[in-house]
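A quick write-up on the structure given underneath.
All values reported here derive from a predicted model rather than from experimental measurement.
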Amino acid sequence: MSNVYDILKERGLIAQVTHEDEIRALLDNEKVTFYIGFDPTADSLHVGHFLQMIVMRHMQMHGHRPIALVGGGTGHIGDPSGRTDMRKMMTDDVINHNCECFKKQLSKIIDFSDGKALLINNADWLLNLNYVEFLRDIGACFSVNKMLTAECFKQRLEKGLSFLEFNYMLMQSYDFLMLSRSYNCKLELGGDDQWSNILGGIELCRRKDRKQVYGMTFTLLTNSEGKKMGKTQSGALWLDPEKTSPYDFYQYWINVDDADVIKCLKLLTFLPLEEINKMAKYKDAEINKAKKVLAYEVTKLVHGEAEADKAREAAEAVFGSGMNSENMPTTEISKDEFENKISILDALVKMGIISSKGEGRRLIQQGGITLNGNKLSDVNYILSDSDFDGGEATIKKGKKVFHRLVIK
RNA sequence: GGGGAGGUUCCCGAGUGGCCAAAGGGGACAGACUGUAAAUCUGCUGCAUCUUGCUUCGGUGGUUCGAAUCCACCCCUCCCCA
């Protein structure tokens, strides 16, 4: 079997490494325990994290042992990297809840059975630290001068950086030291924005324990314009089906820019490179084929095969020929509501595809709402029996957002 | 601790008593064109019972017929000095 390092590199996942040759050799010669940290900033992981999870799986498939470190402790501080403002402080309850949610999602991609991977919370050691001891023991190893030159602090120095956040690097470095001591963890991975934090940990392990450990960062998921991917109108693209439905998730990937399809296939799927390279030759409208593959594969990884099939069927039914699909996002309205003369605006709000009635009015006025294939022009339209063929109606917002309305 | 500059809508940023739901730009959304792409052009962008009403310019009070705009106190940010 070939070296994981080469595979990761070939697929364009690797951004920076601390010691290229050593890491490559290490991964070749032994089962390496490595870790990636996830800070509990929300109650679901999103695509940015997904990329990290893909890497963990690649590594695991080659016999290495991942540690997923959830930041029950660091979450209390907040990582200033890549931020222009301070993160909101979170309460213990929220942090713990978020950690729980992460566990479930992580275990979909990574196999935690039989100790093949570990899930650890850094609250275990961070929350009971003694301030003075920590300063003497760990703080002494860091040079403020050096820290200030780190890229991740630079933009914050213009805007203001609190001492609290300044300490984040020490916390994360301490994590690595702890994992190195307790689990013989030799490698820390992370997004490219984590580079200086990772270097901090490596330096700390060397100074405290004279142990050589390594670091490696991965490409951030950005589009061809250099902007972060995974943003939708309703915020991030979440992995939790309650927060982003599998259908919307699928659609997101169908709608990526042409220029980004191949990159995403390499980064986010496990398809063999030969297959991806074939798709790279596609031209013009043919590129849509590659997008379908991308959307299906990624949805399958995150939501499972059954959901991916459903999402694909729904999309093809809707954008292919007919309008009907059982798997289209659906909202039910009760008979009572219907008989009370529900207006199109109320229905749109109920379906959650508009955020206010004002927006709905605008859309209708601009011809952005279609009911069963006919453009609506009447803002005050009341839904009637004739709109429901077999108890259901299809509503389209813009060109791409389809929704089914069913009377129950 | 002292001095200075600030906090405006999703973001940047104009507005310094009524003509302000608040210029301009970005982003987002929609229309045309397309391939469920990009680029381009157009529209639109606080909420609602939508020719009218209500809420919004860091917070709380006050002055005024009327406040984003004036006053007081408070909170926060940046810069300079200690």
### Message
Between the base of B:U45 and the side chain of A:E359, is there a donor and acceptor pair under 3.5 angstrom?
### Response
no
### Task
Provide the Watson-Crick or G-U wobble partner of B:U63, both distances under 3.5 Å; none if there is no partner.
none
### Query
Under a 3.5 Å cut-off for both distances, is B:U49 Watson-Crick or wobble paired, and to whom?
none
### Task
Take atom C1' in B:U36 and the same atom in B:C20, then report the distance between them in whole Å.
41 Å
### Task
Whole angstrom is fine here: how far is it from NZ in A:K283 over to C1' in B:A37?
16 Å
### Query
What nucleotide, of B:U36, B:A37, B:A30, holds the atom closest to the side chain of A:Q366?
B:A30
### Message
Side chain of A:L363, heavy atoms from C-beta onward: which of B:C47, B:U36, B:A30 has the nearest atom to it?
### Response
B:A30
### Query
Under 3.5 Å, is there a donor-acceptor pair between the side chain of A:N121 and the main chain of A:G72?
yes
### Task
Can you tell me the distance, in whole Å, between the CG atom of A:D260 and the C1' atom of B:G35?
16 Å
### Query
To the side chain of A:K399, which of B:C33, B:C44, B:U36 is closest?
B:C33
### Query
Within this structure, what is the CD1-to-C1' distance between A:I354 and B:G46, rounded to whole angstrom?
15 Å
### Query
Does A:R24 make a cation-pi contact with A:Y5 (under 6.0 Å, within 45 degrees of the axis)?
no
### Query
Given that both distances must come in under 3.5 Å, which nucleotide forms a Watson-Crick or G-U wobble pair with B:G6?
B:C76
### Value in whole Å for how far the C1' atom of B:A37 lies from NZ of A:K263
15 Å
### Query
Below 4.0 angstrom from OP1 or OP2 of B:A48, is there any side-chain N or O of A:S356?
yes
### Proximity to the side chain of A:K375 - top-ranked nucleotide from B:A38, B:A48, B:A32
B:A32
### Query
So, are A:K103 and A:E100 salt-bridged, with charged N and O less than 4.0 Å apart?
yes
### Task
Could you state the atom-to-atom distance from CD1 of A:I254 to P of B:A38 in whole Å?
13 Å
### Interatomic distance, A:K400 NZ vs B:G35 P [rounded to whole Å]
14 Å
#### Entry: Chi class for B:U49: syn within 90° of 0, otherwise anti
syn
### Task
Scan A:E286 against the nucleic acid and name what it touches under 4.0 Å (heavy atoms): base, sugar-phosphate only, or nothing.
nothing
### Summary
Heavy-atom nearest nucleotide on RNA chain B taken for A:L345 and for A:I369; more 5' hit belongs to A:I369
#### Entry: Integer-rounded Å distance: B:A37 P and A:K292 NZ
13 Å
### Message
Under 3.5 Å for both donor-acceptor distances, Watson-Crick or wobble: does B:A28 have a partner, and if so which one?
### Response
none
### Summary
Taking B:A37, B:A30, B:U49 as options, the one with an atom nearest any side-chain atom of A:K357 is B:U49
### Nucleotide nearest A:I287 when distance is taken to its side chain, options B:G35, B:C44, B:U36
B:G35
### Query
Between B:G31, B:U36, B:A30, which one does the side chain of A:K397 approach most closely?
B:A30
### Message
Any strand counts, and the cut-off is 3.5 Å on both contacts for Watson-Crick or G-U wobble. Which nucleotide pairs with B:C57?
### Response
none
### Query
Is it true that A:D137 and A:K208 have a side-chain N and a carboxylate O under 4.0 angstrom from each other?
yes
#### Entry: Among B:C29, B:A37, B:C47, the nucleotide that comes nearest once only the side chain of A:K291 is considered
B:A37
### Whichever of A:D284 and A:R362 has its nearest RNA chain B nucleotide further upstream toward 5'
A:D284
### Query
How long is the span from the CD1 atom in A:I333 to the CD1 atom in A:I342, to the nearest 0.5 Å?
4.5 Å
#### Entry: Interatomic distance at P, B:C54 relative to B:A68, whole Å
14 Å
### Task
Provide the distance between the two C1' atoms, one in B:C70 and one in B:U63, to the nearest whole Å.
8 Å
### Query
A:Y250 ring centre to A:R312 NZ or CZ under 6.0 Å, with the angle to the axis within 45°?
no
### Task
Rounded off to whole Å, could you give me the CG-to-P distance for the A:N255 and B:U34 pair?
18 Å
### Message
I'd like to know if A:E286 and A:K289 make a salt bridge, using a cut-off of under 4.0 Å between side-chain N and carboxylate O.
### Response
yes
